[in-house]
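Can you keep this structure in mind? I'll have questions shortly.
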Amino acid sequence: MKKGIVLCLLLFFLLSMIQVQGDTAVPPPKPSVAKAPSSRSSQIDFDKIFKALQEGKDKKPQKFDDLKKLLYIEPFVTKDYDKNFTLGLTVIANDSETRNVTRNEEFSVRATLGNPNPIEIRRVMYVDLFLLEPGEKAFRKVNSVPAMIMNNEYESKDGKNYSYRRFPELTSFSKIKTIGPAVLKLEVSDGESSWESNNYTLGIINRPPALENLTLQAPEPPKFNDPIIYFANVTDLDEDLVNVTLHILDAQQRELTNETQLTKPGKMVSFIANQYGFFDREDSGKNFSYYYTFGDGIAFNNTTIKDGPNLRKSVSIWVGKPVVVPEDENQYWWQSYNFSLEMKNQDPGEASVTTSLFTDTKSHPWKAAGSQVVTLTQEPQTVYFNVKPFDVLDANQTFGFRFAYSETDQHGQNHIDAQNTDPINPKLVRYDFVSALGLANVLIIIILAMLVSIFMERRFYR
Amino acid sequence: MNEHELRILLLIILAAILVIGLLAHMHYFVRITNHIKRTSDRAFQKEDLKIALRIHQGSNFNTVMLFSWCLFVVAIAFLYFLTPEIFPNWNYFSFPKVASDSFGLAYFAAALIILPGILIGIFIPKGYKYYQISRPLKQATLFVPLLLLVSISCSIYLGTIYPVTDKSFWYLGYASLIVALIIMLSPIGKGYLEELRA
């Protein structure tokens with residue numbers, strides 16, 4: 001500002017010099033030279049002065065500075081100008097002043113400037129907001145352009161003139177990664193002098209995330225390769241992304257492995273054991289436990305240790321000879337089909353194995369046809385499924401079938417497939433026309449039509 | 001013309017007979033109205049004319065015709081929509097839950113009687129009350145349910161042996177159906193012809 005005033009005065013001086021030099025230093029134009037307009041003459045003079053000053057600045061800097069000092073005039077301020085400005089700073093959240101805000105809470109910073117001067121002698125005021133973030137050592141300026149208060153932008157209150165400004169550059173601390181007290185202050189300038197407000201200390205609070213409803217979803221008791229899923233509800237009032245780490249512990253509570261997921265709050269985090277390969281066959285028969293650690297980048301916490309899963313002992317079974325025998329050779333869709341499979345336990349002792357049958361036709365791909373739990377020993381035994389798995393849409397189609405079992409067989413598989421080459425008989429209706437069912441259907445149709453007719457005759461024709 | 005096209009053509013003929021019957025019935029009224037307008041100098045309402053023309057045909061006749069029209073709906077649906085032969089995508093076997101049931105045919109027939117059958121039964125047989133129906137013609141209508149039962153039985157037989165087919169049963173079923181339809185519409189046809197002669 002001061003520099004600007006000096007330059008203005010220098011320009012004024014130079015213009016004065018034009019007149020002076022025009023009178024003394026510059027010789028008058030020769031009569032023989034064509035007459036130039038007076039403005040042209042002034043331009044030439046000014047150029048010479050400007051050039052002389054530039055040369056003086058380069059060659060005689062000391063004299064140039066002396067000249068500047070000589071020409072400098074103090075800014076004009078009346079003697080009545082009162083510099084007792086009042087500076088106020090307020091943080092408003094949820095329509096009331098606050099001294100603490102959470103990281104994602106919206107707030108506004110309001111600056112109040114009390115100016116005792118009447119409008120005639122007021123000066124334009126420039127307001128800047130400075131912030132000292134938690135953990136930082138120096139204030140930083142929040143607003144890139146100073147907020148200006150013009151002379152007429154005041155309202156009178158209790159004999160004083162007040163003006164207010166808000167700073168849209170600072171409305172939350174959502175991006176801040178350190179919590180603690182932040183300090184705000186104002187700096188106000190009238191171009192001549194500047195004043196600072198008192199520090200306003202604002203506590204920044206982080207609300208830590210929480211992990212709730214920890215569950216372990218698995219068959220009871222689960223096998224090592226069963227679908228074992230760890231679930232937990234993630235919440236964070238500040239809506240920060242939460243790092244959730246699942247720690248798997250062995251029976252001695254030593255950590256075996258851990259996996260981390262970055263989760264949005266309000267969602268359920270899940271860890272599928274098979275997907276991460278937490279357990280393998282060697283873990284069969286062992287007990288495990290788990291806990292979570294979680295954090296939002298500022299606050300970290302962990303859950304208590306929870307038991308599970310307790311994996312059941314795994315056995316190896318032998319399977320073979322998947323066979324289907326229809327009720328009769330016609331293979332009608334409505335008949336029973338006897339599916340069988342030979343099974344035995346390859347390990348000593350008994351093993352309880354769930355065996356399921358699925359049939360596969362074009363109309364009904366892999367339809368569940370039955371399931372049973374069988375106790376296997378080292379003696380081979382045949383497991384039977386005498387079922388009616390087909391319907392009318394399966395007529396005239398070939399079919400395949402699958403035995404699925406809860407233990408691993410000699411090939412490391414959990415199922416065995418087979419195909420029946422002969423198609424299901426194409427006949428659709430299961431009874432003959434001249435049969436009890438066929439005649440019963442005709443009789444029902446007649447009786448129904450008769451009853452409806454009698455009803456309608458009585459209801460609509462009388 | 002192949003077998004499928006022929007059967008569709010035969011269905012169109014059935015529909016055409018029904019439409020002709022409806023048009024004859026409507027034209028019958030137009031002619032009577034015009035005739036009365038010519039011979040009478042008094043203005044009259046159409047509804048009054050209908051009331052004046054009503055003839056009570058008797059409860060037995062009405063019941064037989066209602067019964068016949070219900071069976072007609074079942075017979076035509078069974079003939080064309082029981083097996084996938086004519087309409088592969090629109091047939092009884094497209095509903096496997098019903099078709100697999102022991103009384104699936106009865107369910108199918110019940111649905112036909114209750115939904116379209118009742119609607120047809122309410123309106124179509126009411127047309128008979130505007131015609132003078134002779135006793136021999138009324139006696140002839142007693143054979144209509146028998147003819148329709150023959151048609152339904154043929155269709156059920158074809159359904160029970162499907163995918164084996166027997167054309168003769170299908171045509172027998174169609175023949176009995178079209179004869180039954182002609183007898184059912186004959187009171188209207190006869191009355192219309194008499195009106196044309198007048």
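A, B, ... follow the sequence lines: proteins, then strands. Residue 1 opens every chain. All values below come from the heavy atoms of this structure, side chains included, with hydrogens, waters and symmetry mates left out.
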### Query
Between A/F390 and A/F399, does the ring centroid distance fall short of 6.0 Å?
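Yes, the ring centres sit under 6.0 Å apart.
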
For residues 377-387 of chain A, which side-chain donor-acceptor pairs fall under 3.5 Å, sequence neighbours excluded?
from, atom 1, to, atom 2, distance (Å)
A/T377, OG1, A/E379, N, 3.2
A/Q378, NE2, A/Q346, O, 3.4

### Which portion of A/I444 sits near chain B, non-hydrogen atoms under 4.5 angstrom
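Only the side chain of A/I444 comes within 4.5 Å of chain B.
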
### Task
Would you mind checking which part of B/L149 comes under 4.5 Å of any heavy atom in chain A, side chain (CB onward), backbone (N, CA, C, O), both or neither?
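Only the side chain of B/L149 comes within 4.5 Å of chain A.
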
### Query
Is a side-chain donor or acceptor of A/K267 paired with a backbone partner of A/V234 at a separation under 3.5 angstrom?
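Not confirmed, A/K267 side chain does not pair with A/V234 backbone.
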
### Query
Heavy-atom distance under 4.5 Å to chain A: side chain of B/P125, backbone, both or neither?
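Contact with chain A is through both the backbone and side chain of B/P125.
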
### Task
First locate atom CE of A/M456, then atom CE of B/M65, and finally report the distance between them rounded to the nearest 0.5 Å.
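Result: 12.0 Å between the selected atoms.
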
Return one line per donor-acceptor pair between chain A and chain B under 3.5 Å, naming both atoms and the distance rounded to 0.1 Å.
from, atom 1, to, atom 2, distance (Å)
A/K427, NZ, B/T160, O, 2.7
A/L428, N, B/Y162, O, 3.2
A/R430, NE, B/S100, O, 3.2
A/R430, NH2, B/S100, O, 2.1
A/Y431, OH, B/S102, O, 3.3
A/N441, OD1, B/A106, N, 2.9
A/N441, ND2, B/S102, O, 3.1
A/S453, OG, B/F67, N, 3.0
A/E457, OE2, B/S59, OG, 3.4
A/Y461, OH, B/G121, O, 2.7
A/Y461, OH, B/I122, O, 3.3
A/Y461, OH, B/K126, N, 3.3
A/R462, NH2, B/S59, OG, 3.4

### Query
Does A/L443 have any side chain to side chain contact (heavy atoms under 4.5 Å, CB included) partners at least two apart in sequence or in another chain, and if so, which?
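A/L443: side chain to side chain contact (heavy atoms under 4.5 Å, CB included) contacts with A/I447.
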
#### Entry: Taking every non-hydrogen atom, the tightest pair across B/A106 and A/I445
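So the two residues come closest at CA-CG1, 4.3 Å.
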
### Query
With B/F78, which of B/F72, B/F169, B/F108 fulfils ring pair (Phe, Tyr, Trp, His ring centres under 6.0 Å)?
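Running ring pair (Phe, Tyr, Trp, His ring centres under 6.0 Å) over B/F72, B/F169, B/F108 with B/F78 returns exactly one hit, B/F108.
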
### Task
If a pair satisfies salt bridge (charged side-chain N to carboxylate O under 4.0 Å, His left out) and one of its residues is in residues 400-411 of chain A, list it, with sequence neighbours excluded.
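Matches after skipping sequence neighbours: A/R312-A/E407, A/R402-A/D417.
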
### Heavy-atom donor-acceptor pair, A/Q217 side chain to A/F231 backbone, under 3.5 Å
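Checked: no pair found.
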
### Task
Mind ranking B/G159, B/G104, B/P163 by heavy-atom pairs under 4.5 Å with chain A and telling me who comes out on top?
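With the most close heavy-atom pairs to chain A, the winner is B/P163.
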
### Message
I'd like to know which of B/L71, B/I118, B/V74 tops the heavy-atom pair count under 4.5 Å against chain A.
### Response
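The option with the most such pairs is B/I118.
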
### Task
Could you tell me which of A/V434, A/V442, A/L448 has the largest number of non-hydrogen atom pairs under 4.5 Å with chain B?
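Going by pairs under 4.5 Å, I would pick A/L448.
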
